[in-house]
Amino acid sequence: MDETAIPYETAFVKKGLLMNEAKSTCEWSQTVDPTAYRVLFEDATERAGTSPLNDEKREGTYICAACFRPLFDSSAKYDSGTGWPSFLYALPGAVDTKTDSKLIYPRTEYHCAHCGGHQGHVFDDGPKPKGKRYCNNGVALRFVPRGEPLPEPRN
């Protein structure tokens with residue numbers, strides 16, 4: 001497991017939160033865009049090549065589209081050629097992982113450590129030295145350019 005991720009099942013315990021202190025998925029459906037909701041809380045996947053974040057080259061921070069917590073710094077972003085925003089690593093403690101067995105083979109799925117919103121999958125085919133590729137649904141992220149204030153986190 002990547003050293004920046006903690007198991008999905010222990011995320012709320014490690015952060016000193018109880019699961020019932022977080023917003024319910026019903027409450028999130030009233031807060032986020034319907035397309036983002038389907039990805040974040042119903043584990044949908046956006047179509048490859050559709051996110052404007054694929055072409056984002058400015059310095060800044062990528063935050064969870066639901067709770068606005070920082071997940072990635074722009075210095076970790078790279079063009080993987082997959083059609084989804086890809087990152088070398090997440091910010092420390094920002095994501096949790098679990099095994100996704102929805103396809104023929106198991107994959108490592110990652111979620112926002114705060115709200116549990118599905119972000120994407122992490123693969124072992126990234127550039128060296130870590131060799132990881134965090135393949136993110138663009139609709140599950142928002143970009144905040146460096147120098148602009150991050151929005152107030154949502155609970």
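Worth knowing before you read on, the calculation uses all heavy atoms, side chains too, and leaves out hydrogens, waters and symmetry mates. Note that the structure is a prediction, hence the values are computed from the model and not measured.
For residues 52-65, every residue pair satisfying the side-chain hydrogen bond (donor to acceptor under 3.5 Å, both in side chains) rule, not counting sequence neighbours, is listed here: Glu56-Arg58.
Between the side chain of Trp84 and the backbone N or O of Glu46 there is at least one donor-acceptor pair closer than 3.5 Å. Judged by distance alone, with hydrogens and angles left aside, the side-chain atoms of Glu42 form no donor-acceptor pair with the main-chain N or O of Val39 at under 3.5 Å. The closest donor-acceptor contact from the side chain of Arg154 to the backbone of Ala66 lies under 3.5 Å.
Between Phe123 and Cys135, the shortest heavy-atom contact is CE1-CB, 3.9 Å. When every heavy atom of Pro70 is checked against every heavy atom of Leu91, the shortest pair comes out as CB-CD1, 3.7 Å. Of all non-hydrogen atoms in Ser86 and Ser80, the two that sit nearest each other are OG-OG, 2.8 Å. Nearest heavy-atom pair, Tyr89 versus Lys130, reported as atom, atom and distance to 0.1 Å: CB-NZ, 4.4 Å. In terms of heavy atoms, Asp33 sits closest to Thr35 at OD2-N, 2.9 Å. Here the closest non-hydrogen pair linking Ala94 and Leu71 is O-CD2, 3.5 Å.
Judged as a salt bridge (charged side-chain N to carboxylate O under 4.0 Å, His left out), and not counting sequence neighbours, the contacts of Arg133 are Asp125.
Between the OH atom of Tyr110 and the OH atom of Tyr134 there is a distance of 8.0 Å, given to the nearest 0.5 Å. Here the CG-CG distance, from Leu53 to Asn136, works out to 9.0 Å after rounding to the nearest 0.5 Å. For the atom pair CG of Asn137 and CG of Leu40, the computed distance is 8.0 Å after rounding to the nearest 0.5 Å. Note that NE2 of His118 is 9.0 Å distant from NZ of Lys98, once rounded to the nearest 0.5 Å. Considering CZ of Arg38 and OG of Ser29, their distance stands at 11.5 Å, rounded to 0.5 Å. The line from CD of Glu152 to SG of Cys67 is 12.0 Å long, rounded to the nearest 0.5 Å.
For the residue pair Asn155 and His114, a side-chain donor N or O sits within less than 3.5 Å of a side-chain acceptor on the partner. Using modelled atom types and a 3.5 Å distance limit, the side chains of Gln119 and His111 yield no donor-acceptor pair.
Two residues are said to be in side-chain contact when any heavy atoms from C-beta on lie closer than 4.5 Å; Cys115 and Phe41 meet this criterion.
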Under 3.5 Å, side-chain donor or acceptor atoms of residues 139-149 against the rest of the protein: list the pairs with distances, not counting sequence neighbours.
unit_1, atom_1, unit_2, atom_2, d
Arg146, NH1, Asp73, OD1, 3.1
Arg146, NH2, Asp73, OD1, 3.3

